[in-house]
Number of protein chains: 2
Amino acid sequence: MTERKDIHNSDVPIVCRACEARHKGICGALSGDELLRLSKHTVKRTAARKQELIHEEDEVHTYSNILSGAVKLTKLMPDGRQQIVGLQFAPDFLGRPFVSESSFGAEVAADVKLCSFPKDVLETMLVENPELENRLLRQVLKELDEARQWMLVLGRMTAKEKVASFLSLIANHIDPEHDDGSVTFELPLSRAEIADYLGLTIETVSRQFTALRKDGIIEIEGNRHIVVPDREALKDATGST
Amino acid sequence: MTERKDIHNSDVPIVCRACEARHKGICGALSGDELLRLSKHTVKRTAARKQELIHEEDEVHTYSNILSGAVKLTKLMPDGRQQIVGLQFAPDFLGRPFVSESSFGAEVAADVKLCSFPKDVLETMLVENPELENRLLRQVLKELDEARQWMLVLGRMTAKEKVASFLSLIANHIDPEHDDGSVTFELPLSRAEIADYLGLTIETVSRQFTALRKDGIIEIEGNRHIVVPDREALKDATGST
DNA sequence: CGGATGGTTGAGTAGCCTCAAAGTATGTGG
DNA sequence: CCACATACTTTGAGGCTACTCAACCATCCG
């Protein structure tokens with residue numbers, strides 16, 4: 001077995017060099033040879049905001065690594081009600097192993113770069129390379145933790161706490177290091193999307209944004225640009241730990 | 001590598017014979033030798049309703065297989081608000097690999113039999129046996145699907161649809177084969193627990209039970225005993241697909 | 001028989017939703 | 001580069017769903 005830590009750049013396919021998925025994503029489990037094998041079937045592409053990547057209940061035959069941007073996972077009810085059930089960023093893995101029919105839709109939230117490859121190629125490598133499977137398991141466990149945390153948000157929080165939780169989530173993603181002090185970021189979602197993520201309406205989300213602004217917990221510049229002067233204060237506003 | 005399908009009962013430790021986890025649970029990935037090794041560290045035990053198995057944020061050093069009964073996974077807010085974030089039955093695996101501090105509590109919902117073993121023993125076997133890791137991955141993916149489905153329930157459904165979804169969930173668990181016709185079952189949760197699962201109050205849950213009864217969608221006998229004459233009608237009441 | 005536990009029902013209220021309108025970015029073609 | 005159309009956001013008024021508080025009922029158990 002190849003020592004993954006000792007891969008020289010010369011062993012790594014050109015397309016894979018400087019790819020975040022090789023460091024923090026699932027490709028970190030692959031040797032130079034394996035990367036080369038996978039890269040032969042790989043397609044890099046970009047997709048713009050609002051583009052649909054996966055239609056709910058459709059058959060999917062490719063997986064992707066997200067190289068940049070953000071993707072939202074959605075569920076739709078017959079009458080049009082929608083719920084966002086996940087938000088993914090680089091270097092997350094996009095796809096549902098072992099099942100071809102997707103149980104959710106996927107839509108670009110903030111312009112993405114994707115690295116896509118056929119389902120069967122990855123699944124073959126999954127059998128051959130246990131460390132790849134381990135990486136995948138860890139990512140899925142992380143997603144499960146996040147999903148459960150969000151169940152608490154959806155089930156038990158007030159509108160204001162929900163919005164604060166969402167802002168806290170984004171702040172954590174932008175700067176996972178410190179959880180106090182100030183942060184500034186651009187929201188990757190529109191008000192309508194935030195509403196679908198939080199199980200609220202657009203109007204309620206908007207009202208809670210203004211409420212948090214009036215409380216001095218956030219500053220808003222031009223809809224999408226948010227300043228959080230004190231992350232502790234924001235965290236307090238979530239009511240959670 | 002041992003052919004798992006060809007294990008004779010004589011190779012299987014006595015404690016593992018007739019264990020559901022060996023067929024549908026993660027132990028199905030283990031050879032006779034591996035089962036023997038694991039069973040040396042194994043403790044079987046029972047736990048009664050309301051007993052706390054894991055306290056949120058405590059360190060956990062064991063995993064368990066659920067052999068019978070039901071366990072609820074809970075999250076608590078500082079002010080006492082509670083959300084059930086998962087419901088597990090035999091032969092599910094209980095525990096969060098790779099992390100020792102639990103991000104949720106676990107409490108017995110319906111009297112359980114558990115087969116517990118130390119975290120490190122299983123994690124060693126996980127490295128040695130890729131098929132074990134694969135089983136675990138599949139279970140975690142299943143839980144993730146369920147969690148996301150529940151996010152739709154929590155975020156976008158009315159109280160009545162939520163209760164119908166819960167009853168549908170239990171009906172599916174009792175009889176996964178047919179999804180039409182009639183089913184009868186005992187509820188594994190009290191009204192208070194159902195409320196915590198659905199993000200509602202006890203009173204609202206109770207009212208929706210009576211509403212569904214008056215609609216002829218369910219019959220209720222003595223609080224916990226439920227008859228569903230037509231599962232299609234129940235499914236319709238969930239508003240979902 | 002009295003208390004404890006769990007469930008139902010009722011009355012009133014609060015929080016979020018609906019509907020409506022006006023305000024503000026964003027983008028396009030002339 | 002401006003004028004205009006479009007998409008997105010905010011704000012307001014009123015209504016409905018689910019919550020709160022309270023009383024009552026059923027069952028179980030010492």
Side-chain angles (χ1 to χ4, degrees), chain A residues 48-51 77 79-83 107 109-111 153-167 186-215 218-226 237 239, chain B residues 48-51 72 77 79-83 107 109-110 153-167 186-215 218-226 237 239:
Chain A
R49 179 168 172 64
K50 295 182 88 173
Q51 189 174 328
M77 290 177 70
D79 64 0
R81 280 176 283 177
Q82 195 174 44
Q83 177 67 45
E107 193 186 303
D111 299 0
V153 172
L154 291 172
R156 287 306 186 196
M157 287 191 184
T158 64
K160 197 173 190 175
E161 289 168 339
K162 283 180 174 182
V163 171
S165 293
F166 171 74
L167 292 170
E186 298 294 315
L187 291 175
L189 301 185
S190 69
R191 297 290 186 275
E193 290 170 322
I194 297 171
D196 281 342
Y197 199 13
L198 295 172
L200 298 171
T201 59
I202 303 182
E203 296 93 327
T204 301
V205 170
S206 179
R207 280 185 244 274
Q208 300 309 326
F209 266 97
T210 26
L212 288 171
R213 181 170 52 72
K214 284 180 181 161
D215 290 351
I218 57 170
E219 293 155 29
I220 309 173
E221 291 160 21
N223 288 344
R224 294 247 181 170
H225 191 84
I226 304 285
Chain B
R49 178 168 172 62
K50 295 181 88 173
Q51 189 176 327
K72 56 178 183 168
M77 290 177 69
D79 64 1
R81 280 176 283 177
Q82 194 174 46
Q83 177 67 44
E107 193 185 303
V153 173
L154 291 172
R156 288 305 187 197
M157 286 191 183
T158 65
K160 197 172 190 176
E161 290 168 339
K162 283 179 173 182
V163 172
S165 293
F166 171 73
L167 292 170
E186 298 294 315
L187 290 175
L189 301 184
S190 69
R191 297 290 186 274
E193 290 170 321
I194 296 171
D196 282 342
Y197 200 13
L198 295 172
L200 298 170
T201 58
I202 302 182
E203 296 93 328
T204 301
V205 170
S206 179
R207 280 185 243 274
Q208 300 309 326
F209 266 98
T210 32
L212 288 171
R213 181 171 51 71
K214 284 179 180 164
D215 290 352
I218 57 169
E219 292 155 29
I220 310 173
E221 290 159 23
N223 288 344
R224 294 254 184 161
H225 191 84
I226 303 287

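Below, chains carry the letters A, B, ... as their sequence lines are ordered, and counting in each starts from 1. The analysis underlying the following values was restricted to heavy atoms, covering all of them including side chains, and did not include hydrogens, waters or symmetry mates. Every value quoted in this text rests on a predicted model; they were computed, and no experiment measured them.
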Minimal non-hydrogen separation, A/Leu189 against A/Ala109, with atom names: CD2-CB, 3.6 Å

Earlier contact from the 5' end, DNA chain C, for B/Asn223 and A/Gly222: B/Asn223

C/dG7 OP1/OP2 closer than 4.0 Å to side-chain N/O of B/Ser206: no

Approximate separation, where rounding is to 0.5 Å, of A/Thr210 OG1 and A/Leu212 CG: 8.5 Å

Separation between CZ of B/Arg224 and CD of B/Glu186, rounded to the nearest 0.5 Å: 8.5 Å

Pairwise salt bridge (Lys or Arg N to Asp or Glu O under 4.0 Å) hits with a residue in residues 188-202 of chain B, at least two apart: A/Arg156-B/Asp196, B/Arg49-B/Glu193, B/Lys72-B/Glu193

Considering all heavy atoms, the nearest B/Lys162-B/Val153 contact: CE-O, 3.4 Å

Below 4.0 Å: OP1/OP2 of D/dA18 and any side-chain N or O of B/Thr204: no

Closest-nucleotide 5' rank along DNA chain D - winner of A/Arg224 and B/Arg207: A/Arg224

Between D/dT9 (P) and A/Ile220 (CD1): distance, integer Å: 11 Å

Contact residues, residues 186-199 of chain B to DNA chain D [heavy atom, < 4.0 Å]: B/Gly199

Rounded to 10 degrees, the angle between the two terminal axes of the helix from C/dC1-D/dG30 to C/dG30-D/dC1, each from five pairs: 40°

